[in-house]
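Chain identifiers are assigned alphabetically (A, B, ...) following the order of the sequence lines, protein sequences preceding nucleic acid strands; residue numbering begins at 1 within each chain.
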2 protein chains.
Amino acid sequence: MSLPVPPWEQRPQKRRSTKQPLSQEAIVAAAFKILDAEGLEAVTMRRIADELDTGPASLYAHVANKDELYALLLDQAAGEVRLPAPDAEHWQDRAKDFLRDLNRVLISHKDLGRAALARIPVSPNALASSEALLAILRTGGVPDQDCAWAADILSLYVVAHAYENGLQQLHGDEDEGMAYVAAIGEYFHQLPSDRFPNIVGLAGLLTTGDGDVRFEFGLDLLIRGLAARAEEARKAHG
Amino acid sequence: MSLPVPPWEQRPQKRRSTKQPLSQEAIVAAAFKILDAEGLEAVTMRRIADELDTGPASLYAHVANKDELYALLLDQAAGEVRLPAPDAEHWQDRAKDFLRDLNRVLISHKDLGRAALARIPVSPNALASSEALLAILRTGGVPDQDCAWAADILSLYVVAHAYENGLQQLHGDEDEGMAYVAAIGEYFHQLPSDRFPNIVGLAGLLTTGDGDVRFEFGLDLLIRGLAARAEEARKAHG
DNA sequence: ACCTGAACACCGTTCAAGT
DNA sequence: ACCTGAACACCGTTCAAGT
């Protein structure tokens with residue numbers, strides 16, 4: 001009988017021995033693990049390959065390229081979003097609830113929002129999201145062309161906001177973020193007030209409000225605008 | 001007297017002989033040349049160095065890093081934006097004119113909008129832009145906190161839209177772009193109408209409108225919302 | 001002070017070769 | 001069909017050495 005090898009002499013365990021077979025699901029799962037821990041920038045083909053104990057070339061049997069991988073991440077995230085049922089009476093609340101949840105899901109995956117920018121959402125779960133939003137707006141009596149354009153604009157707003165906010169959440173704990181915002185406020189306050197009277201005058205207000213408060217503000221503007229247009233159209237021809 | 005060297009035998013002219021001394025201005029100019037021709041992705045330290053007949057390391061004497069270079073590009077672009085004077089009576093038009101011009105300038109530099117995302121505008125020309133927008137809103141009677149948040153949200157909208165639109169303008173002439181949009185429309189139209197009734201039903205309207213029309217739609221929503229809030233505040237404690 | 005070549009530590013993607 | 005190693009053509013940035 002030989003004694004067991006003491007821990008400090010054990011070779012670093014090669015996951016290779018218990019390695020799962022490569023698959024698109026495994027690749028996407030590894031990508032999410034990296035994304036949620038370090039942000040989108042760290043999600044590279046080579047890092048994913050590392051995570052799966054293989055070489056980068058091996059991934060290309062299951063994913064066409066990095067862009068398709070990002071599309072897969074987005075589709076999975078889109079699947080996490082709750083889709084409220086349409087309600088003619090409360091269409092504004094339903095639309096807001098949907099967009100709030102989209103924002104929540106995106107931010108929960110750090111700066112994944114960046115991957116949603118400049119991409120037309122044609123994946124299954126993204127289509128289901130668009131369908132749900134269009135249904136809510138249309139049931140509420142928003143004119144058809146407004147529904148179509150609003151679905152685009154509203155999503156653009158949420159995605160852009162989630163990107164900016166997810167980044168912020170990324171490279172700083174709450175304390176660091178607060179300190180940075182405070183520093184910006186200081187900077188605004190100390191600018192020459194003859195050249196920048198409004199920035200100086202509003203320095204405090206420019207830096208108040210966390211991401212959620214600001215998100216709600218923009219959402220309020222957009223939905224109010226949409227409601228006003230819908231009301232106008234209703235009056236114009238019954 | 002010897003005959004001149006025929007053109008086909010001339011060595012490719014080395015710009016090195018007539019090379020300008022390196023400077024931040026020269027670097028930014030070279031960067032804009034590449035940006036306007038090929039988009040932001042092509043604006044790398046190494047490409048700029050190539051353009052200036054030097055090595056990438058030489059740039060670091062004049063620019064801290066790539067992020068600072070992008071900030072310089074944005075500041076110069078911000079300097080191209082026309083800043084309307086405030087006008088209490090027509091604040092909505094003045095705000096729209098400013099944001100339209102910001103959009104125009106960004107798109108004229110391809111997908112430069114991407115560089116504006118996730119960056120707090122603290123450069124001189126960016127501050128002047130913010131100041132102008134705040135002045136317009138405040139003079140119009142928009143409540144202070146709304147002015148502060150709106151300046152942020154409105155810029156976010158323009159920048160995000162310019163990014164998406166500038167990209168589209170990048171990798172396709174007008175014809176290609178039209179064909180792509182038409183293909184998307186086809187795709188929407190051919191989806192199963194039991195699962196996606198609204199996408200199918202609105203397929204035509206989802207793909208109508210060029211970038212400018214869609215930009216105006218979003219702008220209308222935001223400014224209407226802002227005006228409605230301002231009116232509410234006025235009534236509340238006029 | 002400015003510029004340079006070389007190096008470091010990364011990228012995405014392809015391709016011939018293996019199983 | 002899937003996986004691999006090696007290579008190709010790139011990145012941003014640093015650093016010691018030159019002028």
Side-chain angles (χ1 to χ4, degrees), chain A residues 14-35 37-74 110-112 114-115 118-119 167 170-171, chain B residues 14-35 37-74 110-112 114-115 118-119 167 170-171:
Chain A
K14 289 206 177 182
R15 261 169 298 173
R16 181 174 297 273
S17 48
T18 60
K19 190 164 61 165
Q20 296 288 111
L22 229 41
S23 68
Q24 197 172 82
E25 294 80 57
I27 291 171
V28 169
F32 264 112
K33 191 175 149 192
I34 300 167
L35 170 65
E38 303 172 42
L40 195 63
E41 206 180 23
V43 181
T44 66
M45 301 301 272
R46 295 178 110 101
R47 269 291 257 110
I48 296 167
D50 259 14
E51 205 77 27
L52 296 170
D53 276 310
T54 183
S58 302
L59 305 181
Y60 288 84
H62 304 92
V63 157
N65 51 36
K66 199 181 150 190
D67 193 66
E68 186 182 292
L69 174 70
Y70 280 9
L72 290 170
L73 293 178
L74 278 170
K110 296 273 161 50
D111 56 341
L112 176 60
R114 195 188 76 192
R119 184 187 310 272
L167 254 190
L170 187 62
H171 56 67
Chain B
K14 287 207 177 180
R15 262 169 299 175
R16 180 174 296 273
S17 49
T18 60
K19 191 163 61 166
Q20 297 290 110
L22 229 42
S23 69
Q24 197 173 83
E25 294 82 55
I27 291 171
V28 169
F32 264 113
K33 191 176 149 189
I34 300 167
L35 171 65
E38 303 173 40
L40 195 65
E41 205 181 23
V43 181
T44 67
M45 301 302 270
R46 296 179 108 100
R47 271 288 260 113
I48 295 168
D50 260 14
E51 205 77 27
L52 297 169
D53 277 310
T54 184
S58 301
L59 306 180
Y60 287 84
H62 304 92
V63 158
N65 51 36
K66 197 180 150 190
D67 193 67
E68 186 182 292
L69 174 69
Y70 280 10
L72 291 170
L73 293 178
L74 278 169
K110 296 274 160 51
D111 57 340
L112 176 59
R114 195 188 75 191
R119 182 187 310 274
L167 253 191
L170 187 61
H171 56 65

| task | Could you measure between the two P atoms, the one in C/dA9 and the one in D/dC10, and give it in whole Å? | result | 22 Å
| Taking atom P of D/dT13 as reference, at what distance in whole Å does atom CG of B/N65 sit? | 5 Å
| Spacing of B/I27 atom CD1 and B/E68 atom CD [to the nearest 0.5 Å] | 10.0 Å
| query | B/D50 CG to C/dT4 P: how many Å, rounded? | reply | 13 Å
| query | Considering only C/dC11, D/dC3, D/dG12, which nucleotide approaches the side chain of B/T44 most closely? | reply | D/dG12
| field | 4.5 Å side-chain heavy-atom contact, A/V43 and A/Y70 | value | yes
| query | Is the closest basic N to carboxylate O distance between A/K110 and A/E38 below 4.0 Å? | reply | no
| request: Side chain of B/A57 only, please: which of C/dC11, D/dG12, D/dT14 is the nearest? | output: D/dT14
| Of the nucleotides D/dA6, C/dC11, C/dA6, which one has an atom closest to the side chain of A/R47? | C/dC11
| note | In whole angstroms, the gap separating C1' of C/dC11 from NZ of A/K66 amounts to 8 Å
| message | I need the CE-P distance between A/M45 and D/dT4, as an integer number of Å. | response | 14 Å
| message | Base, sugar-phosphate or nothing for A/S58? Non-hydrogen atoms, less than 4.0 Å. | response | base
| field | Separation of D/dC10 C1' from B/I48 CD1 (nearest whole Å) | value | 15 Å
| message | From the set C/dC3, D/dT14, C/dC11, return the single nucleotide nearest to any side-chain atom of B/H62. | response | C/dC3
| query | Looking only at heavy atoms, which two atoms of A/A49 and A/L59 are closest? And how far apart? | reply | N-CD1, 4.0 Å
| Nearest-0.5 Å distance, CG of residue B/L69 to OG1 of residue B/T44 | 10.0 Å
| field | Complementary nucleotide of D/dT19, counting Watson-Crick and G-U pairs under 3.5 Å | value | C/dA1
| task | State the pairing partner of D/dA7; accept Watson-Crick or G-U wobble contacts with both distances under 3.5 Å, and report none otherwise. | result | C/dT13
| request: Take atom CD1 of A/I27 and atom P of D/dC2, then tell me their distance rounded to the nearest Å. | output: 11 Å
| remark: Considering only heavy side-chain atoms of B/R46, the closest of D/dG12, C/dT13, D/dC15 is D/dG12
| request: Nearest whole angstrom, please: distance from the C1' of D/dG12 to the OH of B/Y70. | output: 11 Å
| message | Tell me the interatomic distance from A/D53, atom CG, to D/dG5, atom C1', rounded to whole angstroms. | response | 16 Å
